[in-house]
> 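Take a look at this one; I'll ask things after.
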Number of protein chains: 2
Amino acid sequence: MSKASERAYRTIREGILRGRFAPGDRLVEEELAEYCGVSRTPIRDAIRRLDGDMLVRWEPNRGAVVASLSDEDVGDLFEIRALIEGHAARRAAERADPATLDRLDAEVAAVFEALDSGSPYYMETFLDANARFHDAVYDMAGSERLREIRQRLVDQSVVLRTVRQFALEDLRRSNMHHADLIAALRAGDGQWAQSVMVAHILAAHRRLAGAE
Amino acid sequence: MSKASERAYRTIREGILRGRFAPGDRLVEEELAEYCGVSRTPIRDAIRRLDGDMLVRWEPNRGAVVASLSDEDVGDLFEIRALIEGHAARRAAERADPATLDRLDAEVAAVFEALDSGSPYYMETFLDANARFHDAVYDMAGSERLREIRQRLVDQSVVLRTVRQFALEDLRRSNMHHADLIAALRAGDGQWAQSVMVAHILAAHRRLAGAE
DNA sequence: CGAACCGGCCTTGTATACAATAGTCTGTCA
DNA sequence: TGACAGACTATTGTATACAAGGCCGGTTCG
């Protein structure tokens, strides 16, 4: 999947995440083929992968539709995410290394700086730092399986589709949670880290649920 | 994927689960095509799905190999499974319905019967009942997401590849756990149910780890 | 008037041919 | 003798043509 297939996957995925394709939309192979500028073969590959990511729902002889999430689905996803990420945080606390924690401290400080200074790119700064932060947690947790599962859950969730609605105040609070988590990791306190993470996720859920 | 693709998927999957293809084996599309009696196209579909199930590892331009699991991987998988299944059991306790519990009671009794009577099909009886049992837990938990995640974890795990090594005594113990879980579900005690389930999973892990 | 059946069309499923790439083997040159 | 370059081969990636299956509309019969 060097070129066409990979590109098709990314293009369609972006299309779903950014709302170009809405939940419930049919994904007709030939249309996508034209849209991506490739033949149907790599499109089919891409759809299989998106089905694996649970971003589309696929039925034999019927084609694929963009997965639509009920409020209940979203609730389930956040619940499971809280479970997984909380577990990862606990493991990370048992394995945290000071050098990484120092780096994360610096990142958190930088995000606060960006948020307070009113940088025009504060959202991108936050999102990038956020991604790196959670990544680092999984590095420390030391389980690729956990990382993969989390990746899928996050993909599916509405997070990527809606997190941009976060107000400045929400971002500050989120960043504060990260600071809390670093403290817990530094203390090597698994229960504390887990609790902070679970609270972090569930807070995001309520924030997004309220925004809809 | 009505015919060829579905058949290829099942065939290869069975081949992996039953050891026809060993971990680390290369899966060459053309060989599989001949083996399954179809062309390469449905084989590719099947491989994508198996990659999604994490039963094979796939690299661009390099093809697929049967996923091999280190002891650490297996440990991680059981840990995550315990997390997920424990969570499902807790949810199930909050939503359990008596009719289903009565049915499960009967199934557990039937399994004990089969194990004690030395039926020649006791292993199949156990495996079938086991599958139905866990399925019912997820019915009661009421989250399709949980069920899907669990499905993937179980697929990956060594369980399906090795559970047949279980001795009669192990099966009895496992069935006893099920009886315990039913009691917890009937009591509507989420914490109890979760603990029983986690213990059930981790016991299976230790049993299998010891057997290798 | 309604329901069931039939046929055409749209879409997906499969096969095959060809292109591209990685990995290997060999030959030559330093 | 060793290492690098080149072509060769095995395998995957892509396109396209054709087959098959489901859906929708029309028509016909009860």
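Each chain gets a letter, A, B and so on, in the order its sequence line appears, and its residues count up from 1.
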> Please report the distance, rounded to the nearest Å, between CH2 in A:Trp58 and P in C:dT12.
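Checked: the CH2 to P distance equals 10 Å.
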> For B:Asp51 and D:dG13, what is the distance between atoms CG and P respectively, to the nearest whole Å?
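Computing the B:Asp51:CG to D:dG13:P distance gives 11 Å.
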> When you measure from the side chain of A:Arg81 to the backbone N and O of A:Leu153, does any donor-acceptor pair fall under 3.5 Å?
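Answer holds: no.
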> Between the protein and nucleotides 15-18 of chain C, which nitrogen or oxygen pairs are less than 3.5 angstrom apart?
from	atom 1	to	atom 2	distance (Å)
C:dA15	OP2	B:Ser39	N	2.7
C:dA15	OP2	B:Ser39	OG	2.8
C:dA15	O5'	B:Ser39	OG	3.4
C:dA15	N7	B:Thr41	OG1	2.7
C:dT16	O4	B:Thr41	OG1	3.4

> Is it true that the side chains of B:Tyr121 and B:Asp128 contain a donor and an acceptor less than 3.5 Å apart?
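No donor-acceptor contact under 3.5 Å links the two side chains.
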> For B:Leu32 and D:dA10, what is the distance between atoms CG and P respectively, to the nearest whole Å?
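It is 18 Å, rounded to the nearest whole Å.
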> Could you state the atom-to-atom distance from CD of A:Glu29 to C1' of C:dC10 in whole Å?
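Rounded to whole Å, this separation is 12 Å.
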> Rounded to the nearest angstrom, tell me the gap between atom NZ in A:Lys3 and atom P in C:dA22.
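Atom NZ in A:Lys3 sits about 10 Å away from atom P in C:dA22.
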> What is the distance, to the nearest angstrom, from the CD atom on A:Glu6 to the C1' atom on D:dT12?
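Going from CD in A:Glu6 over to C1' in D:dT12 covers 15 Å.
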> Does A:Asp73 reach the main-chain N or O of A:Ser70 with its side chain, forming a donor-acceptor pair under 3.5 Å?
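Side chain of A:Asp73 to backbone of A:Ser70, a donor-acceptor pair under 3.5 Å: yes, one is there.
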> Using only side-chain N and O atoms of B:Arg62, determine if any of them is under 4.0 Å from OP1 or OP2 of D:dA10.
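Checking B:Arg62 against D:dA10: no side-chain N or O falls below 4.0 Å of OP1 or OP2.
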> Does the B:Asp25 side chain pair with the main chain of B:Ala22, one donor and one acceptor, at a distance under 3.5 Å?
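The answer is yes, because a donor-acceptor pair under 3.5 Å joins these two groups.
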> Should the pair B:His178 and B:Phe133 be assigned to parallel (<30°), tilted (30 to 60°) or perpendicular (>60°) ring geometry?
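The rings of B:His178 and B:Phe133 lie parallel, inter-plane angle below 30°.
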> Rounded to the nearest Å, what distance is computed from the CG atom of residue B:Asn61 to the P atom of nucleotide C:dG23?
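Nearest whole value for this atom pair: 9 Å.
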> Would the B:His134 and B:His200 ring centres measure less than 6.0 Å apart?
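Yes - the distance between ring centres of B:His134 and B:His200 falls below the 6.0 Å cut-off.
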> Just checking, any donor-acceptor pair under 3.5 angstrom between side chains of A:His205 and A:Glu79?
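No donor-acceptor contact under 3.5 Å links the two side chains.
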> With the side chain of A:Val28 defined as its heavy atoms from C-beta on, choose the nearest nucleotide among D:dT12, C:dG13, C:dT12.
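From the listed options, C:dT12 comes nearest.
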> In this structure, how many angstroms lie between the P atom of D:dC24 and the CZ atom of A:Arg26, rounded?
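Those two atoms, CZ and P, are 9 Å apart.
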> Across the strands shown, which category fits A:Ile47 at heavy-atom distances under 4.0 angstrom: base, sugar-phosphate, nothing?
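Nothing, no heavy atom under 4.0 Å.
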